[in-house]
Amino acid sequence: MNTMTIPPRMRMKWFVNLLVDLVLSVAAFTIACVLERGHFEFEWKPVLIAGAIAVVVTLIVLMLFRCYRIVWKYAGVSEMLNVVLAYFVLAVIFVVAISAVDISMTYSLAFLYVFFDFMLIVAYRFRLAFRYIMIYKFGDSGKYKAPENIIVYGAGFTGAAVVKRFISNPKEGYHPVAIIDDDPAKRGQYVSGIRVVGTRDALRTTMRTYKAKTVVIAITEINREQLRQIYEACRKQNAVVKVISNLRAGDSALNADAISLKNINIEDLLRRPEHKIDQNLLDALIKDKVVMVTGGVGSIGSELSRQALKYGCKHLVIFDHYENGLFEINEELSKIYETSRYSLVAGTVKDRGKLRKVMEEYKPEIVLHAAAYKHVPMMEINADEAVKNNIFGTKNVIDQCEESGVKKFILISTDKAVNPANVMGASKRMAELLVQAKSQNSRNKTVYAAVRFGNVLGSNGSVIPTFIRQINAGGPVTVTHREMKRYFMTIPEAVRLVLQAGALARGGEVFVLDMGEPMYIYDLATDLIRLSGLEPERDIRIEITGLRPGEKLFEELRFNSEEVDKTRHEGIFVTKLEKVDTTKLNNTMAKLKVIAEEDDREKAERVIFDMIPTEYRKL
């Protein structure tokens with residue numbers, strides 16, 4: 001065995017094991033001699049020669065069978081079989097040697113030696129496992145805290161690896177007491193001494209019988225819907241639910257600290273699978289194109305930037321007024337890409353001159369417009385700023401795309417633009433109208449379109465980070481209304497769909513993303529509390545605060561008058577739009593320009609909602 005192939009930190013342990021095996025083999029041969037001859041009186045010289053040969057051959061065989069490479073703390077059946085095979089080969093070697101040459105060894109002496117050497121070396125190898133099992137069964141208050149009883153969900157390879165891991169490592173604080181598996185045929189089987197007690201129907205009884213509060217989902221091949229079903233079954237029993245992360249192969253499960261517990265991500269609990277990617281659509285929009293993202297360091301804009309680079313844009317221009325955000329995204333991207341792949345530009349969409357300079361310098365072919373004020377309560381008290389940024393900022397970008405000959409402009413819109421109940425939503429609907437109007441009257445070949453979707457999980461200032469902060473502070477978690485529903489999607493999935501919708505755009509469309517079924521915000525709050533290992537109302541109180549100005553109980557993704565068609569992508573729909581009254585729109589924009597310059601918030605609000613009638617806002 002070449003010790004140079006062993007990592008330096010392992011060499012000392014290897015030599016210690018080799019020395020111990022040498023001592024144990026000498027002891028085994030001595031015991032075998034005494035038992036075989038019944039006394040201590042025999043010729044020492046031939047015995048010493050035979051013993052030396054036996055010990056050297058044993059160590060060589062163990063090396064050849066890589067027994068010094070095994071991490072015995074995690075060893076199982078396969079490792080044990082490897083050792084058994086090594087000693088079988090050793091016995092065969094002795095039989096052949098005794099038959100062929102005179103080495104002062106009888107068959108009975110050889111077999112006694114092989115037996116005792118095997119027993120001593122295996123006992124030494126598994127001493128830690130025996131010690132951990134004793135701690136696991138009886139505890140060790142002097143060194144380890146009492147491990148927590150857990151139920152492992154899944155009796156496959158992953159579940160077996162998890163059970164073995166936690167039994168071998170009680171200091172990690174988990175004590176597997178039972179296994180649940182959805183395959184009824186596995187009931188009554190044992191994994192490392194832990195019984196498979198039944199399917200998920202047995203959860204309640206199992207938790208009570210074994211006094212377990214935590215269920216560990218140990219299944220690697222599982223989709224989001226299956227995970228949701230298992231999670232809900234566990235939550236009905238008020239279990240704390242965790243999953244196994246980073247388990248990829250058998251070697252990692254046995255030889256490294258690869259098995260770790262994590263709380264379920266709230267993204268995993270969306271009530272639908274993620275939409276598939278049409279790579280051809282992504283390539284059509286992004287690959288080998290110069291792409292500009294306005295608002296490029298925000299929650300959506302930064303993900304647009306990441307994916308534009310990921311899917312092979314020729315060059316990326318990240319345009320945003322937030323200096324710290326530009327610094328942070330540069331820190332992130334510079335670790336992955338050459339800095340020549342992207343440019344960082346500080347500027348605001350309210351500055352048409354800066355937009356002109358940037359577009360003339362970089363000549364973007366695709367402009368993804370994500371720059372906008374998005375917080376509903378803030379825009380309710382700052383309607384004039386919503387007009388300046390969300391409406392005129394969008395107009396500036398559209399007009400400059402026209403002037404600079406950009407091939408495609410894609411507006412990031414929102415479900416709040418449909419029957420808007422707030423200034424923010426109304427300003428985004430105005431932005432959609434500007435896109436439609438420009439598409440009707442474009443003088444060049446620029447394609448203008450918008451993509452409308454609902455809430456994204458985890459965006460800056462959104463409900464998920466707010467709930468998490470409130471939970472970490474000990475509560476209460478504040479929900480404005482018990483019946484409030486919202487559509488949710490992960491940011492990466494939403495952005496992928498935006499890019500694919502952009503490839504489908506031919507001019508004037510408003511694309512609508514399939515968000516699945518809406519979720520109750522109250523249910524989202526309870527899920528997050530439970531994922532934190534706490535119980536709603538017992539550990540963390542949920543407080544109903546009442547609707548805020550401009551909030552609706554339920555957001556819509558399209559107007560009643562809009563007809564929706566399917567596209568080639570199952571997750572993207574396109575609306576059939578009524579023609580925009582450009583005269584009325586232009587008159588409204590003229591009024592808003594004066595009002596914005598005067599910073600008149602009340603007038604701004606009235607003029608916007610005069611242009612966009614809605615049943616939710618009566619002025």
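Under the side-chain hydrogen bond (donor to acceptor under 3.5 Å, both in side chains) criterion, no residue pair touches residues 582-592, with sequence neighbours excluded. Sorted by first then second residue, the salt bridge (charged side-chain N to carboxylate O under 4.0 Å, His left out) pairs that include residues 305-326, not counting sequence neighbours, are Glu303-Arg306, Arg306-Glu332. Screening residues 385-398 for salt bridge (charged side-chain N to carboxylate O under 4.0 Å, His left out), with sequence neighbours left out, gives Lys350-Glu385, Glu385-Lys388, Lys388-Asp599, Lys395-Asp399.
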Give the C-alpha distance, both sets of side-chain angles, the deciding distance and a yes or no for side-chain contact (heavy atoms from CB on, under 4.5 Å) between Phe453 and Val498. CA-CA 9 Å; Phe453 55 93; Val498 165; 3.6 Å; yes

Checking side-chain contact (heavy atoms from CB on, under 4.5 Å) for the pair Val423/Phe609: CA distance, chi angles, key distance, verdict? CA-CA 8 Å; Val423 170; Phe609 282 102; 4.3 Å; yes

Check step by step if side-chain hydrogen bond (donor to acceptor under 3.5 Å, both in side chains) holds for Asn324 and Glu328. CA-CA 6 Å; Asn324 286 346; Glu328 289 167 3; 5.7 Å; no

Quick one, Ile230 with Ile219, criterion side-chain contact (heavy atoms from CB on, under 4.5 Å). Give me CA distance, side-chain angles, the key distance, then yes/no. CA-CA 11 Å; Ile230 294 173; Ile219 308 171; 4.0 Å; yes

side-chain contact (heavy atoms from CB on, under 4.5 Å) between Met430 and Leu585: does it pass, once the steps are laid out? CA-CA 9 Å; Met430 285 288 294; Leu585 178 61; 3.9 Å; yes

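Not counting sequence neighbours, Lys363 has no partner by the salt bridge (charged side-chain N to carboxylate O under 4.0 Å, His left out) test. Every residue meeting the side-chain contact (heavy atoms from CB on, under 4.5 Å) condition with Ile381, not counting sequence neighbours, appears here in chain and number order: Met378. Checked against side-chain contact (heavy atoms from CB on, under 4.5 Å), Thr545 has the following partners two or more places apart in sequence or in another chain: Thr478, Thr480, Glu543. Evaluation of the salt bridge (charged side-chain N to carboxylate O under 4.0 Å, His left out) rule for Lys603 yields no partner, not counting sequence neighbours. The salt bridge (charged side-chain N to carboxylate O under 4.0 Å, His left out) check on Asp384 picks up nothing, with sequence neighbours excluded. Annotation: side-chain hydrogen bond (donor to acceptor under 3.5 Å, both in side chains) contacts of Ser404 (sequence neighbours excluded): Glu360, Gln400. Applying the side-chain contact (heavy atoms from CB on, under 4.5 Å) criterion to Asp278, with sequence neighbours excluded, gives Asn280, Leu281, Gln500, Arg568, His569. With sequence neighbours left out, the salt bridge (charged side-chain N to carboxylate O under 4.0 Å, His left out) criterion links Arg341 to no other residue. Under the side-chain hydrogen bond (donor to acceptor under 3.5 Å, both in side chains) criterion, Tyr153 pairs with Asp182, Arg200, sequence neighbours left out.
No side-chain heavy atom of Thr394 sits less than 4.5 Å from a side-chain heavy atom of Val349. When side chains are defined from C-beta on, Tyr311 does not count as touching Lys287, because their heavy atoms never get closer than 4.5 Å. Taking 4.5 Å as the limit, every side-chain heavy atom of Val345 sits out of range of all side-chain heavy atoms of Met292. Using a 4.5 Å cut-off on side-chain heavy atoms (C-beta onward), Asn330 and Tyr342 make contact. Side-chain contact check for Ile595 versus Val387: every heavy-atom pair is 4.5 Å or farther apart. The shortest distance between side-chain heavy atoms of Tyr448 and Glu402 falls below 4.5 Å. Ile521 is listed as a side-chain neighbour of Phe467, based on a closest heavy-atom distance under 4.5 Å. Contact check for Met489 versus Asp514: no side-chain heavy atoms found under the 4.5 Å cut-off.
Of the possible donor and acceptor atoms, one in the side chain of Lys408 sits under 3.5 Å from a partner among the backbone N and O of Ala503. Between the Asn390 side chain and the Tyr373 main chain, a donor and an acceptor come within less than 3.5 Å of each other. Distance alone, capped at 3.5 Å, is enough to place a donor-acceptor pair between the Thr294 side chain and the Ala370 backbone. Under the 3.5 Å distance criterion, the side-chain polar atoms of Thr348 are left unmatched by any main-chain donor or acceptor of His321. At distances below 3.5 Å, not a single donor-acceptor pair connects side-chain atoms of His375 with backbone N or O atoms of Pro377. With hydrogens and angles disregarded, no donor-acceptor distance shorter than 3.5 Å links the side chain of Lys416 to the backbone of Arg429.
Heavy atoms only, all atoms of each residue included: Ala450 and Glu432 are closest at CB-CG, 4.4 Å. Taking each heavy atom of Lys276 and Glu570 in turn, the nearest pair found is N-OE2, 3.9 Å. Among all heavy-atom pairs drawn from Leu434 and Ile391, the shortest one is CD1-O, 3.6 Å. Taking all atoms of both residues into account, the shortest heavy-atom contact from Asp351 to Asn396 is N-ND2, 4.3 Å. Residues Ile318 and Ser305 come closest through the heavy atom pair CG1-OG, 3.7 Å. Between Val406 and Pro364, the shortest heavy-atom distance links the atoms CG2-O, 3.5 Å.
We find that Glu403 and Arg356 are joined by a salt bridge, their nearest charged nitrogen and carboxylate oxygen being less than 4.0 Å apart.
Atom OG1 of Thr567 is separated from atom CG of Leu504 by 5.0 Å, given to the nearest 0.5 angstrom. Here Leu282 contributes atom CG and Ile277 contributes atom CD1; the two are 6.5 Å apart, rounded to the nearest 0.5 Å. Atom NZ of Lys407 and atom CG of Leu285 lie 11.5 Å apart (nearest 0.5 Å). Once rounded to the nearest 0.5 Å, the distance linking CZ of Phe319 with CG of Leu368 reads 14.0 Å. Atom-to-atom distance recorded for Glu509:CD and Ile410:CD1 is 8.0 Å, nearest 0.5 angstrom. Put simply, CE on Met484 and CG on Leu524 are 12.5 Å apart, with the number rounded to the nearest 0.5 Å.
Within 6.0 Å of CD on Glu331 lie more than 12 heavy atoms contributed by other residues, nucleotides or ligands. Residue Tyr337 qualifies as enclosed at atom OH: its count of foreign heavy atoms under 6.0 Å is above 12. Open room surrounds CD on Glu602; 12 or fewer heavy atoms of other groups in view lie less than 6.0 Å from it.
The aromatic rings of Tyr362 and His315 lie parallel to each other, their planes meeting at an angle below 30°, with 60° marking the opposite boundary.
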